[in-house]
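The structure under discussion appears below in the form of structure tokens.
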Amino acid sequence: MSTVAKQPRVQTNSPTQPTSGADVVVQALVNHGVDTVFAYPGGCSMPLHQALTRFHDKIRVVLPRHEQGGGFAAQGYARSTGKVGVCIATSGPGATNLITAIADAKLDSIPIIALTGQVGTPVIGSDAFQETPIVEVCRSVTKHHYLLTDPNDLARVVREAFHVATTGRPGPVLIDLPKNVQVAQVVPDFDEPMDLPGYSGETPLATKDEIKIIADMIAEAKRPVIYCGGGVIASGAARELLELVDKTGIPVASTLMGLSGFPGEHPLMLDMLGMHGSVYANLAVSEADLLLAFGVRFDDRVTGKVSEFAKHGKIVHVDIDASEINKIKEADLASVSDLKYALSELNKVVKAPANLDGWVARCQDWKKSDPLTFDRNAQAILPQHAIDELWRLTKDRDTIIATGVGQHQMWAAQFYRFKDPRTWLSSAGLGTMGFGLPAAMGAKVAHPDKLVVNIDGDGSLQMNIQEFGTCYCEKIPIKVLLLNNQHLGMVVQWEDRFHDANRAHTYLGPIDNPETFGKGEGIGPEQRYPDFVTIAEGFGWKARHVMKKSELTEALQEMIDSPEPFLLDVAVPYQEHVLPMIPSGATVRDLIRE
Ligand SMILES: Cc1ncc(C[n+]2csc(CCOP(=O)(O)OP(=O)(O)O)c2C)c(N)n1
Ligand SMILES: [Mg+2]
């Protein structure tokens with residue numbers, strides 16, 4: 001049993017002739033089924049790039065325009081496939097440009113492997129040109145890391161890296177490769193056993209006793225709720241979760257990471273919980289007498305005030321990572337297990353609680369009386385409306401959605417209803433602006449036949465906008481639905497709510513515009529900045545701007561139908577707030593509805 005889609009088995013094709021260290025690395029990638037790498041070259045990674053040209057029929061090399069873009073593209077590839085995403089950068093600035101994408105993968109448990117060039121071993125530690133001690137820098141944001149000094153270790157280390165990245169709780173692994181190691185001549189042994197003392201990589205499995213106790217707790221529950229997260233996606237447990245819900249009739253609340261793990265249109269779906277979750281998900285969790293926490297980590301954006309979170313209920317916590325158990329919230333029953341296994345075993349014995357009708361009806365009433373909603377009659381194009389329209393137009397086709405970070409991300413989570421796992425790509429734990437465009441790019445490379453749309457904000461898009469060039473030149477026709485409010489909207493919302501609307505560097509236009517200080521009359525067409533359509537066109541994209549609500553649907557359709565990369569720049573008001581909202585560290589009783 002594996003927690004992510006299995007990598008193909010290592011083939012044994014160890015040559016007897018010496019070959020360069022770089023060739024060994026690339027052959028090892030091929031052996032592990034890698035078909036794409038996102039790689040930006042430089043002096044200390046040139047041998048790797050030279051080797052990649054010798055394997056061009058087996059591995060596609062996508063050249064991002066910034067290493068951070070390459071890192072997030074590797075994540076988009078990994079998140080949308082379950083396979084390892086691979087990114088490569090040179091030493092020094094190339095390597096440091098990867099850090100954010102690595103840290104992001106760590107927090108969201110995404111299996112990526114980052115290969116970095118390093119200065120030659122004789123000069124390591126001498127402040128050589130383009131030297132950074134990247135393993136030291138990344139120590140706490142990787143699952144594992146190597147500074148490889150002996151070329152004879154290359155084949156084994158790459159094998160270990162795949163093992164560590166994909167087993168247990170997935171995560172990022174860094175391999176730092178000094179240039180002299182890349183050019184050294186070695187006879188590789190691709191079958192050399194791994195050497196990972198202290199790491200078994202074995203998949204922990206729930207015990208029979210634990211499964212029985214969980215089944216008993218479910219049978220006795222009167223107000224149970226499932227709180228599910230990224231573990232459902234990582235372990236491939238979506239089908240088992242659906243079966244459990246169909247068998248027991250228990251309502252489901254999802255984290256941001258868990259979206260797409262349970263059908264958005266299922267009658268028992270209570271949608272997202274937490275800070276910008278639905279009223280009904282938060283009320284249900286708050287009133288629950290049993291919280292079934294599956295593949296989650298009780299993040300503060302979910303719990304708010306921890307002592308008040310789900311305080312009327314018993315807690316069952318199933319997670320593959322033992323260190324998450326009792327970390328934030330003590331569990332009445334904890335099981336360290338692969339979630340897919342635990343749920344499939346549970347499904348064999350579980351019985352529906354005696355009578356849930358009243359509880360489910362209560363949840364449905366909350367849903368009816370306090371739905372996720374917006375002003376459908378607004379004159380302007382509301383961002384929620386644009387997402388709702390995109391969902392309506394794409395729900396019957398294979399679609400993958402990526403996002404930036406901010407209000408648009410929360411609205412995408414609230415209003416796009418996902419049906420299949422791995423179709424929702426969003427930076428949850430780290431909340432990294434700039435994630436969306438490159439992540440969509442990586443997903444599209446892995447799924448050329450699917451529609452891949454990045455729902456982005458104007459701030460976030462500018463953080464990795466250079467990847468327009470990659471998409472055009474590498475023929476990766478993704479779509480960008482830009483919800484352009486001319487502001488760092490999410491921060492504006494906090495200014496409005498908690499700082500008397502005092503604007504503090506959250507307007508993205510010229511500083512002599514009164515909007516800079518929140519004193520404007522709104523932003524007219526002539527004041528909009530920058531001109532995203534011209535920028536996109538400059539990169540070779542198709543692009544269109546819409547301001548009128550009456551033109552939105554037709555423009556969205558044009559974007560969807562376009563065979564080319566396409567930017568739809570939609571003017572949306574910045575006055576809109578993401579609601580509901582539970583302020584940081586507060587409880588459902590403090591929930592803001594309007
Ligand atoms: C790299 C990074 N820097 C800063 C932040 C803090 N931050 C969170 S949301 C946000 C505003 C995002 O603006 P935009 O992308 O336009 O999205 P909007 O909220 O307007 O929809 C900021 C600055 C962040 N999350 N990531
Ligand atoms: Mg914005």
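Values below: every heavy atom of this structure, side chains too, minus hydrogens, waters and symmetry copies. Note that this is a predicted model, so its numbers are computed, not measured. Whatever order the structure lists ligands and atoms in, that order sets their numbers, starting from 1.
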Which protein heavy atom lies closest to [atom], and at what distance to 0.1 Å?
{"atom": "atom 14 (P) of ligand 1", "value": "Gly459 N, 3.6 Å"}
{"atom": "atom 12 (C) of ligand 1", "value": "Val405 O, 3.3 Å"}
{"atom": "atom 3 (N) of ligand 1", "value": "Met433 SD, 3.8 Å"}
{"atom": "atom 17 (O) of ligand 1", "value": "His408 ND1, 3.1 Å"}

State the atoms of ligand 1, each with its element, that fall below the 4.0 Å cut-off from a heavy-atom position in [X].
{"X": "Met490", "answer": "9 (S), 19 (O)"}
{"X": "Val491", "answer": "10 (C), 22 (C), 23 (C)"}
{"X": "Ser460", "answer": "14 (P), 15 (O)"}

With ring centroids as reference points, do [X] and [Y] lie under 6.0 angstrom apart?
{"X": "Tyr574", "Y": "Tyr507", "result": "no"}
{"X": "Phe498", "Y": "Trp494", "result": "yes"}
{"X": "His317", "Y": "Phe298", "result": "yes"}

**Study point:** Glu564-Tyr472 side chain donor-acceptor pair, cut-off 3.5 Å
**Key:**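 No - no donor-acceptor pair under 3.5 Å links their side chains.
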**Study point:** Distance-only donor-acceptor check, side chains Asp176 and Tyr146, under 3.5 Å
**Key:**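 The criterion, which ignores hydrogens and geometry beyond distance, is not satisfied for Tyr146 and Asp176.
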Exercise for review: Report the member of Thr403, Ile455, Leu488 with the shortest heavy-atom distance to atom 13 (O) of ligand 1.
Suggested key: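 Residue with the shortest heavy-atom distance to the ligand atom: Leu488.
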**Study point:** Residues, nucleotides or ligands: over 12 heavy atoms within 6.0 Å of Glu526 CD
**Key:**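 It does: Glu526 CD has more than 12 such atoms within range.
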Practice item. Measure Asn485 to ligand 1 on non-hydrogen atoms and call it side chain, backbone, both or neither using the 4.0 Å cut-off. Key: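 The answer is the side chain of Asn485.
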Check your understanding: Any idea which part of His487 is under 4.0 Å from ligand 1, heavy-atom wise: side chain, backbone, both or neither?
Key ->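 Just the backbone.
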Check your understanding: What is the OD1(Asp458)-the Mg ion (ligand 2)-O(His487) angle, to the nearest 10 degrees?
Key ->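 Asp458 OD1 and His487 O form an angle of 110° at the Mg ion (ligand 2).
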Check your understanding: Can you tell me if Asn485 has an N, O or S atom under 2.8 Å away from the Mg ion (ligand 2)?
Key ->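 Checking the Mg ion (ligand 2) against Asn485, an N, O or S atom does fall under 2.8 Å.
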Review point. Does any N or O in the side chain of Asp108 come within less than 3.5 Å of the main-chain N or O of Ala428, such that one atom is a donor and the other an acceptor?
Key: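 Here the side-chain-to-backbone pair exists.
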